[in-house]
Engineer: 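Before I ask anything, here is the structure I am working with.
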Amino acid sequence: MKYFISDTHFFHENLLGDNDFAPRLFDSVEEMNQQMVDAWNAVVNEKDTVYHLGDVAMHPQYEQGFSDIYKILVQLKGKIVFIKGNHDSRTFFKYLEKHDPGMENGAPKFEFQDVGAIVKFNHHQYYLTHYPMLLGKTVNIRNLHGHIHNYSMPIAEDINVGVDAPERNFLKNKLPFGTPISENLIDEIAAGKEVEIKKLQ
């Protein structure tokens, strides 16, 4: 199974509290971090692949905090494909690559993409990027992205999969904060967003 998530911002204390941009209603980063770990592991198993579309963490100690972030990431189930966000550094990715714990089958747990990736499922091609793309007229192409947190692109084919994305509200069954979105739920989100976009036209 493929899963998608973005903008976890582990350790980012400035996001705590009620705000328009990225509301994180937790008393501490420790509570926020643990909620995202628990939500991830509740749905993902070791054979799954999770595409993380950028902005993994914002540790107050920068590079000195890499080991703290690593301790969080090795708790997460499945293979993780990291697509670089504006708050991710190549130095961070190199640290993860060097310390990759590996999977049970001997494959690396972590994979890295600087710009994006393309995957296919449910009769669609998906461009996986951190920043939303302006696709124009497309046939069976969608862009899964993050970056804009509690905001949404006014384009039906652009789907924000961030932890605090408004698109999550199109799901009939609300996901706990920090839950990666499975490939099986993308069509449900896309259908709900398409209806909303048509109302604006």
Engineer: Could you note down all residue pairs passing side-chain hydrogen bond (donor to acceptor under 3.5 Å, both in side chains) where residues 152-163 supplies at least one of them, sequence neighbours left out?
Structural biologist: Ser152-Glu167, Ser152-Lys193
Engineer: So Leu76 and Val37, do their side chains get closer than 4.5 Å, heavy atoms only?
Structural biologist: yes
Engineer: Shortest non-hydrogen contact from Gly178 to Ala39?
Structural biologist: C-CB, 3.7 Å
Engineer: Would Val81 and Val50 count as a side-chain contact (heavy atoms from CB on, under 4.5 Å) if you check the C-alpha gap in whole Å, the side-chain angles of each, and the deciding distance to 0.1 Å?
Structural biologist: CA-CA 6 Å; Val81 179; Val50 182; over 6 Å; no
Engineer: Roughly how far, to the nearest 0.5 Å, is CZ of Phe121 from CG of Asn184?
Structural biologist: 9.0 Å
Engineer: Here's a test for you: under side chain to side chain contact (heavy atoms under 4.5 Å, CB included), which of Val161, Leu128, Leu144 qualifies with Tyr51?
Structural biologist: Leu128
Engineer: Please determine whether a side-chain nitrogen of the Lys or Arg among Lys94 and Glu97 lies less than 4.0 Å from a carboxylate oxygen of the Asp or Glu.
Structural biologist: no
Engineer: I'd like to know if the side chain of Asn41 and the backbone of Gln75 have a donor-acceptor N/O pair within less than 3.5 Å.
Structural biologist: yes
Engineer: What heavy-atom pair brings His124 and Ile141 nearest, and what distance separates the two atoms?
Structural biologist: CD2-N, 4.1 Å
Engineer: Any link between Val29 and Phe177 through a network of hydrophobic side chains (Ile, Leu, Val, Met, Phe, Trp, Tyr) touching at under 4.5 Å?
Structural biologist: yes
Engineer: Hey, what do you get for CG (Leu185) to CG (Leu175), rounding to the nearest 0.5 Å?
Structural biologist: 6.0 Å
Engineer: Backbone N or O of Glu31 within a donor-acceptor pair of the Gln35 side chain at under 3.5 Å?
Structural biologist: no
Engineer: Minimum heavy-atom separation for Ile5 and Thr8, please, with both atom names.
Structural biologist: CD1-CG2, 4.1 Å
Engineer: So, do Thr129 and Ile83 sit near enough that their side-chain heavy atoms are less than 4.5 Å apart?
Structural biologist: no
Engineer: Are a donor atom and an acceptor atom from the side chains of His147 and Asp7 found within less than 3.5 Å of each other?
Structural biologist: no
Engineer: Do Tyr3 side-chain atoms and Val43 backbone N/O form a donor-acceptor pair below 3.5 Å?
Structural biologist: yes
Engineer: Could you grab the distance from atom CG of Asp164 to atom CZ of Phe21, nearest 0.5 Å is fine?
Structural biologist: 7.5 Å
Engineer: Answer with yes or no whether the hydrophobic clustering places Phe110 together with Val56; edges join I, L, V, M, F, W, Y residues whose side-chain heavy atoms lie under 4.5 Å apart.
Structural biologist: yes
Engineer: Is there a continuous path of hydrophobic side-chain contacts, each under 4.5 Å between heavy atoms, that joins Tyr95 to Phe11?
Structural biologist: yes
Engineer: For Thr138 and Leu135, indicate whether the former's side chain and the latter's backbone hold a donor-acceptor pair under 3.5 Å.
Structural biologist: no
Engineer: Give me each pair satisfying salt bridge (charged side-chain N to carboxylate O under 4.0 Å, His left out) with a member in residues 54-79, each pair once, sequence neighbours excluded.
Structural biologist: Lys79-Glu111
Engineer: Indicate, with yes or no, if Tyr62 and Phe66 share a hydrophobic cluster defined by side-chain heavy-atom contacts under 4.5 Å among Ile, Leu, Val, Met, Phe, Trp and Tyr.
Structural biologist: no
Engineer: State plainly whether one hydrophobic cluster holds both Ile148 and Met133, where clusters connect Ile, Leu, Val, Met, Phe, Trp and Tyr through side-chain heavy atoms under 4.5 angstrom apart.
Structural biologist: no
Engineer: Taking side chain as C-beta onward, heavy atoms only, is Arg142 less than 4.5 Å from Asp187?
Structural biologist: yes
Engineer: Within a strict 4.5 Å, meaning less than it, do heavy atoms of the Phe82 and Asp88 side chains meet?
Structural biologist: no
Engineer: Looking at Asp27, I'd like to know if its CG atom is crowded, meaning that more than 12 non-hydrogen atoms belonging to other residues, nucleotides or ligands lie closer than 6.0 Å.
Structural biologist: no
Engineer: If we only count heavy atoms from C-beta on, is the Asn143 to Tyr131 side-chain gap below 4.5 Å?
Structural biologist: no
Engineer: If you round to the nearest 0.5 Å, how far is CG of Asn150 from CZ of Arg168?
Structural biologist: 11.5 Å
Engineer: Please walk me through it: do Met153 and Leu134 pass side-chain contact (heavy atoms from CB on, under 4.5 Å)?
Structural biologist: CA-CA 9 Å; Met153 292 291 288; Leu134 299 177; 3.6 Å; yes
Engineer: Looking at side-chain heavy atoms only, is the closest gap between Arg24 and His12 below 4.5 Å?
Structural biologist: no
Engineer: Rounded at 0.5 Å granularity, tell me how far CE in Met1 sits from CG in Asn45.
Structural biologist: 9.0 Å
Engineer: Taking Ser6 for its side chain and Gly162 for its backbone only, find out whether a donor-acceptor pair lies under 3.5 Å.
Structural biologist: no
Engineer: Please report the C-alpha distance between Ile72 and Trp40 in whole Å, then the side-chain angles of each, then the deciding distance to 0.1 Å, and finally whether the side-chain contact (heavy atoms from CB on, under 4.5 Å) criterion is met.
Structural biologist: CA-CA 11 Å; Ile72 293 282; Trp40 180 303; over 6 Å; no
Engineer: For a quick test of reading the model, state the closest non-hydrogen atom pair linking His9 to Met32 and the distance between them.
Structural biologist: O-CE, 3.4 Å
Engineer: What's the shortest heavy-atom distance between Gly192 and Phe170, and which atoms?
Structural biologist: O-CE2, 3.5 Å
Engineer: What heavy-atom pair brings Pro23 and Asp18 nearest, and what distance separates the two atoms?
Structural biologist: CB-OD1, 4.2 Å
Engineer: Do Phe10 and Met36 make a side-chain contact, defined as non-hydrogen atoms from C-beta onward lying under 4.5 Å apart?
Structural biologist: yes
Engineer: Dump the intermediate steps for side-chain contact (heavy atoms from CB on, under 4.5 Å) on His130 and Lys84, then the final yes or no.
Structural biologist: CA-CA 7 Å; His130 179 62; Lys84 188 176 178 297; over 6 Å; no
Engineer: Counting only heavy atoms not in Gln113, do more than 12 fall under 6.0 Å of its CD?
Structural biologist: yes
Engineer: Looking at side-chain heavy atoms only, is the closest gap between Phe112 and Leu96 below 4.5 Å?
Structural biologist: yes
Engineer: About how many Å separate OH of Tyr126 and CZ of Phe4, when rounded to the nearest 0.5 Å?
Structural biologist: 7.5 Å
